[in-house]
Amino acid sequence: MQYRIIKSDRKTVALQVKANEVIVRAPRAMTKEEIAAFVEKHREWINKKLAMFSKSSSGPAITEEGITLLTERARAIIPPRVAYYASLIGVDYNRVTIRHQKTKWGSCSGKKNLNFNCLLLLTPTEVMDSVIIHELCHLKHMNHSKEFYNEVLRVCPDYKKHDRWLKQNGGGIIRRMPQK
């Protein structure tokens, strides 16, 4: 099994499985042999994750024109939803930007700027809302701590279900992006 190794100052080893790649994030001191043993120990789990990606619904490719139209629609739909959930959460933000990315559904910067992927419009509304809520909650907690997830779950009790949907189906949606 092929995998990419990213070493850093982390204390534990972690696996990340994407549609076409397995990434091992490991402490600097961990040897290649130890990493190989870790991957082998988790081979069954990795194969299940890779199989999920191959089963993900994908649908027809989206043209450049389709991305442009999707981005325009997202600019009309997402900002009002951001404003609504921001008032529920009790946070303020600066700018909302709509992008067409191949890896992220949303992000939040330290300057209180929010970015969302136009492809969110191809997900169920509650899944799109869960991503918006997730990013807005970062304005209270710039991490993925227990407090952060408690806030997310307060506003979106079914967040875990929506996150699971995105993990299972998101790769198929992203693969529809035009290849450059």
Side-chain angles (χ1 to χ4, degrees), residues 16-23 48-145 147-180:
Q16 181 179 15
V17 179
K18 296 184 175 185
N20 56 356
E21 182 178 35
V22 176
I23 300 169
K48 279 183 190 174
K49 289 289 183 186
L50 290 169
M52 267 179 26
F53 280 113
S54 66
K55 283 189 233 168
S56 295
S57 62
S58 48
I62 303 168
T63 63
E64 289 289 343
E65 181 185 3
I67 289 292
T68 301
L69 292 171
L70 209 51
T71 301
E72 288 172 13
R73 275 188 52 221
R75 284 188 182 128
I77 292 169
I78 292 176
R81 299 186 87 74
V82 170
Y84 171 77
Y85 286 111
S87 68
L88 280 180
I89 296 166
V91 294
D92 59 338
Y93 55 92
N94 289 325
R95 192 172 57 238
V96 174
T97 305
I98 305 300
R99 302 175 189 249
H100 43 278
Q101 298 168 288
K102 293 185 180 177
T103 56
K104 291 186 177 187
W105 293 103
S107 63
C108 171
S109 78
K111 294 180 179 178
K112 296 185 170 188
N113 294 324
L114 302 165
N115 301 302
F116 295 99
N117 194 324
C118 68
L119 297 179
L120 282 170
L121 268 60
L122 301 178
T123 68
T125 303
E126 58 273 12
V127 172
M128 177 178 63
D129 286 348
S130 74
V131 172
I132 291 169
I133 291 163
H134 179 109
E135 298 310 330
L136 284 167
C137 286
H138 277 310
L139 295 171
K140 280 190 169 183
H141 306 279
M142 271 303 230
N143 53 44
H144 288 111
S145 64
E147 292 80 15
F148 167 80
Y149 281 110
N150 285 343
E151 184 68 20
V152 170
L153 292 168
R154 180 184 71 78
V155 182
C156 183
D158 289 335
Y159 174 79
K160 289 178 183 174
K161 179 175 105 178
H162 305 319
D163 189 51
R164 202 167 31 254
W165 188 96
L166 203 54
K167 284 183 173 130
Q168 290 173 349
N169 300 284
I173 293 170
I174 286 180
R175 280 193 295 279
R176 295 176 61 192
M177 291 272 288
Q179 301 300 315
K180 291 187 180 179

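This structure is a prediction, so every number in the text was calculated from the model and none was measured.
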For residues 157-164, which side-chain N or O atoms pair as donor and acceptor with protein atoms under 3.5 Å away, sequence neighbours left out?
| unit_1 | atom_1 | unit_2 | atom_2 | d |
| --- | --- | --- | --- | --- |
| Tyr159 | OH | His134 | ND1 | 2.8 |
| Asp163 | OD2 | Lys167 | NZ | 2.8 |

Closest heavy-atom contact between [X] and [Y]?
{"X": "Phe116", "Y": "Ile132", "value": "CE2-CA, 3.7 Å"}
{"X": "Cys137", "Y": "Glu151", "value": "SG-CG, 3.5 Å"}
{"X": "Ala86", "Y": "Tyr93", "value": "CB-CE2, 3.7 Å"}
{"X": "Met142", "Y": "Cys108", "value": "CE-O, 3.7 Å"}
{"X": "Leu136", "Y": "Val82", "value": "CD1-O, 3.6 Å"}
{"X": "Leu121", "Y": "Met128", "value": "CD1-SD, 4.0 Å"}

Asn113 side-chain N/O to Val96 backbone N/O, donor-acceptor pair under 3.5 Å: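 Not at all, since once roles are kept as given, no pair shorter than 3.5 Å links the two residues.
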Are [X] and [Y] packed together at the side-chain level, in the sense that at least one heavy-atom pair is separated by less than 4.5 angstrom?
{"X": "Asn169", "Y": "Val127", "result": "no"}
{"X": "Arg176", "Y": "Leu122", "result": "yes"}
{"X": "Ile78", "Y": "Arg81", "result": "no"}
{"X": "Lys112", "Y": "Arg95", "result": "no"}
{"X": "Arg175", "Y": "Ile173", "result": "no"}
{"X": "Leu119", "Y": "Met177", "result": "yes"}
{"X": "Lys104", "Y": "Asn115", "result": "no"}
{"X": "Trp165", "Y": "Thr123", "result": "yes"}

With a sphere of 6.0 Å drawn around CZ of Arg154, does it hold more than 12 non-hydrogen atoms of other residues, nucleotides or ligands?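 Yes.
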Starting at [atom1] of [X], measure out to [atom2] of [Y] and round the result to the nearest 0.5 Å.
{"X": "Ser109", "Y": "His138", "atom1": "OG", "atom2": "NE2", "result": "11.5 Å"}
{"X": "Ile77", "Y": "Leu120", "atom1": "CD1", "atom2": "CG", "result": "11.0 Å"}
{"X": "Phe148", "Y": "Lys140", "atom1": "CZ", "atom2": "NZ", "result": "11.5 Å"}
{"X": "Asn117", "Y": "Ile98", "atom1": "CG", "atom2": "CD1", "result": "9.0 Å"}
{"X": "Cys118", "Y": "Leu70", "atom1": "SG", "atom2": "CG", "result": "4.5 Å"}
{"X": "Ile133", "Y": "Glu126", "atom1": "CD1", "atom2": "CD", "result": "11.0 Å"}

Take Thr63 and Ile67, measure what side-chain contact (heavy atoms from CB on, under 4.5 Å) needs, and give me the verdict at the end. CA-CA 6 Å; Thr63 63; Ile67 289 292; over 6 Å; no
Can you tell me if Asp129 and Tyr85 form a side-chain donor-acceptor pair at under 3.5 Å?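 A pair is found: one side chain offers a donor N or O, the other an acceptor, under 3.5 Å apart.
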Donor + acceptor pair across side chains of Glu147, Ser145 (<3.5 Å):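 Yes, Ser145 and Glu147 have a side-chain donor paired with an acceptor closer than 3.5 Å.
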